[in-house]
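First the structure, in the form of structure tokens, and then the observations on it.
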Protein chains: 2
Amino acid sequence: MSRIREHNRELIIQAASEIFADQGYAATKIIEIANRAGLPKPNVYYYFKSKENLYRSVIESVIDPLLQAAQPFYEDDDPATVLEQYIIAKIKVSQQHPHASKVFASEIMHGAPHLPEDIADKMMEQTIQSSNKIQSWVDRGLMDRVDPHHLLFTIWAATQTYADFDWQISRVTGKDKLSQSDYDTAAQQLTQLILKGCGVQTSKAAKAG
Amino acid sequence: MSRIREHNRELIIQAASEIFADQGYAATKIIEIANRAGLPKPNVYYYFKSKENLYRSVIESVIDPLLQAAQPFYEDDDPATVLEQYIIAKIKVSQQHPHASKVFASEIMHGAPHLPEDIADKMMEQTIQSSNKIQSWVDRGLMDRVDPHHLLFTIWAATQTYADFDWQISRVTGKDKLSQSDYDTAAQQLTQLILKGCGVQTSKAAKAG
DNA sequence: CCACATCTTAACTCCGCGGTCAAAAACAGG
DNA sequence: CCTGTTTTTGACCGCGGAGTTAAGATGTGG
């Protein structure tokens, strides 16, 4: 509908992502979000009926990128290619949606009390697909006999950490913010670690679309 | 002093760990902690002056185990031994202090606003030591040319994840709670991944105390 | 049994924040 | 410029939770 509506909703969601990520749901005050968005508080309630509602919108804003990241599992069957592309995509989400990413992680950490059931189901479905695929690689002798679940947990954790624990990472690296090349290094090194660590056969053969 | 005091403080810290881990600092109500501890609310204020104070006590309760986990770096110089022991110790912390672990992670995620400066410094110091040691292994050709920081981030993330994202892990594995052997598998597989992935030379020679 | 410290309890205050409202302003279309 | 709709705004309400208080109970040492 109205251009104003769309614009202000975006402003608010952006501000909300940052503050929810920074402080967590309960500690976040609507008025802070309003201030950061440059709008009076009742506007937030005008565009989003409640705090809960706004929060859900923030979460939903990162769902699509997250689901998209698993695409490599559906587009290819070569373990080296899929795992590399998956890791790159996951790190890219951490890099490009750091706030929403953090909000999502926090949500999961607390038992996903606000995550709509259908989204949780969709992610679960993806997980099953992915671990089946990994299992099939193991069965075909294309990689070591790893447990697919644990492998996924490690990949999730290692890629998410660049968004979730940015404070720690800043402190350790001494940089206020990681540069593009830092993210590239992270992705490259993690890929190397996973591929080599799982004994993945790097046959460039099976590169089917 | 009083045995009662000591006992009740422990009760409260235990209850507080669980609730803070579950809900986060801001969402936690003192009365819930009191209820779980089986005490009236003012008792919590009697033993701990404030919510903030109690929260800090919870955090401090996990600092020691966390710092201890880095011992392997000081006790040995063989990369395979150190990394394996480190990973085992880290996962053990996640397993044995799941609540406090989660509270700590949440604290770091939000920029460590309550973490005493001296503790942050101590952890930073450990990190420097650890990454120096890894760098020395690289320099001596005992492992691939990995970036020590990124390697540490991956290890931290992958081990912490078993405490922080227990909900997700439960859902994926279909188990309400991981068994001892699940943790063992996790540690074993992660060790394998890291050692092989970093091309660590498994010479059982350098096992000096 | 007394005196003193420790601990428990119910009732209370205070204030900050989620959420509301009604009126004013800005906008849109004819 | 008039009319209806969308958006903005400041003032307001009510609740719930952090923290307090002061009196009572229980413990402890002589």
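Proteins get letters first, then strands, A, B, ... in listed order; numbering begins at 1 in each. Computed from a predicted model, the values in this text were never measured in an experiment.
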> Considering all heavy atoms of both residues, which atom of A:Phe73 and which atom of A:Lys133 are nearest to each other, and what is their separation?
Replying inline: O-NZ, 3.2 Å
> Can you check the B:Tyr45 OH to D:dG19 P distance for me, whole Å?
Replying inline: 4 Å
> To the nearest angstrom, how far is A:Asn8 atom CG from D:dT7 atom C1'?
Replying inline: 9 Å
>> Check the phosphate of C:dT6 against B:Tyr47, side-chain N and O only, distance under 4.0 Å to OP1 or OP2. Yes or no?
In response: no
>> Looking at every non-hydrogen atom in both residues, tell me the closest pair between A:Asn43 and A:Leu39 and how far apart they are.
In response: ND2-CD2, 3.8 Å
> Roughly how many Å is it from CG in A:Leu39 to P in D:dG10, rounded to a whole number?
Replying inline: 12 Å
>> With a 4.0 Å limit, can you tell me whether A:Arg5 has a side-chain N or O closer than that to the phosphate oxygens OP1/OP2 of D:dT7?
In response: yes
>> Between B:Phe104 and B:His114, does the ring-ring contact (aromatic ring centres under 6.0 Å, His included) criterion hold? Intermediate values first, please.
In response: CA-CA 10 Å; B:Phe104 187 81; B:His114 304 279; over 10 Å; no
> In whole angstrom, what separates B:Ile33's CD1 from D:dG19's P?
Replying inline: 11 Å
> How long is the line joining CD1 of B:Ile30 and P of D:dG17, in whole Å?
Replying inline: 11 Å
> Checking only heavy atoms, does the side chain of B:Lys41 share a donor-acceptor pair with the base of D:dG19 at less than 3.5 Å?
Replying inline: yes
> When the distance from CZ of B:Arg3 to C1' of C:dT6 is rounded to whole Å, what number comes out?
Replying inline: 15 Å
> Given that A:Pro42 and A:Lys29 both sit by DNA chain C, which one's nearest nucleotide is further toward the 5' end?
Replying inline: A:Lys29
> Just wondering, more than 12 heavy atoms not from B:Lys196 lying within 6.0 Å of its NZ?
Replying inline: yes
> Which of these nucleotides, C:dG19, C:dT6, D:dT8, is closest to any side-chain atom of A:Ser50?
Replying inline: C:dG19
>> Distance check needed: D:dT6 P versus A:Arg9 CZ, whole Å only.
In response: 15 Å
> Looking at A:Tyr25, is A:Lys51 sitting on its ring face, NZ or CZ under 6.0 Å from the six-membered ring centre and within 45 degrees of the normal?
Replying inline: yes
>> Rounded to whole Å, please give me the gap between CG in B:Asn43 and C1' in C:dT6.
In response: 11 Å
>> Is there, by distance only and without an angle test, a donor paired with an acceptor across the side chain of A:Lys51 and the base of C:dG19 below 3.5 Å?
In response: no
